[in-house]
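Since the structure comes first, as structure tokens, the remarks are kept for the end.
Here the structure is a predicted model, which is why all the values come from computation and not from measurement.
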Amino acid sequence: MSDKARKLFEALDLDHNGTLTRIEVITALRTKGPSLAASGDLPVWAVGDDDASSALFDAADQNGDEVLTLEEFAAVVDRRFGWS
């Protein structure tokens, strides 16, 4: 798991409970995405609309429980963003 994935997860975890919900991912990427991209913590091309954020959530939710753990999230973003 990359440090970038961990940092991005923490930035998206709006309620700081150690997991991500679909709404949290969509909301956080909508509100924080541009600044995360500007600081290099998210690829610019990864700042998308709500559908793209929802698709990222679906790709990461490996067990279908509608909650992302850091491990689930990192496995997808490290591969998708070329961080590992």
Report summary line: Partner of Thr19 under side chain to side chain donor-acceptor pair (under 3.5 Å), picked from Thr21, Asp15, Asn17, is Asn17
Query raised in the report: Given side chains that start at C-beta, do those of Asp50 and Ile26 come closer than 4.5 Å, heavy atoms only?
Result: yes
Report summary line: Nearest heavy-atom contact between Asp78 and Ala5 is OD1-CB, 3.3 Å
Query - Test item: Lys4 side-chain N/O and Trp83 main-chain N/O as donor-acceptor pair under 3.5 Å - result: no
Query raised in the report: Looking only at heavy atoms, which two atoms of Leu12 and Ala28 are closest? And how far apart?
Result: CD2-CB, 3.5 Å
Query raised in the report: Between the side chain of Ser39 and the main-chain N/O of Leu36, is any donor-acceptor distance below 3.5 Å?
Result: yes
Query raised in the report: Of the non-hydrogen atoms in Phe57 and Val67, which two are nearest, and what is the gap between them?
Result: CZ-N, 3.9 Å
Query - Asn63 vs Glu72, side chain to side chain contact (heavy atoms under 4.5 Å, CB included): CA-CA, chis, key distance, verdict - result: CA-CA 9 Å; Asn63 63 4; Glu72 285 177 312; 3.2 Å; yes
Query raised in the report: Please walk me through it: do Asp58 and Arg22 pass side chain to side chain contact (heavy atoms under 4.5 Å, CB included)?
Result: CA-CA 8 Å; Asp58 288 337; Arg22 180 183 310 275; 2.6 Å; yes
Query - Contact check, side chains of Val77 and Phe9, non-hydrogen atoms, under 4.5 Å - result: no
**Report entry** Step-by-step side chain to side chain contact (heavy atoms under 4.5 Å, CB included) determination, Lys32 to Leu14
**Finding:** CA-CA 10 Å; Lys32 295 182 172 186; Leu14 299 176; 3.9 Å; yes
Query - Under 3.5 Å: donor-acceptor pair, side chain of Asp13, backbone of Gly18 - result: yes
Requested in this report: Using the rule that two of Ile, Leu, Val, Met, Phe, Trp, Tyr join whenever any of their side-chain heavy atoms come within less than 4.5 Å, decide whether Leu29 and Val47 are in one cluster.
Outcome: yes
Query - Exam field: side chain Asp51 to backbone Ala55, donor-acceptor pair closer than 3.5 Å - result: no
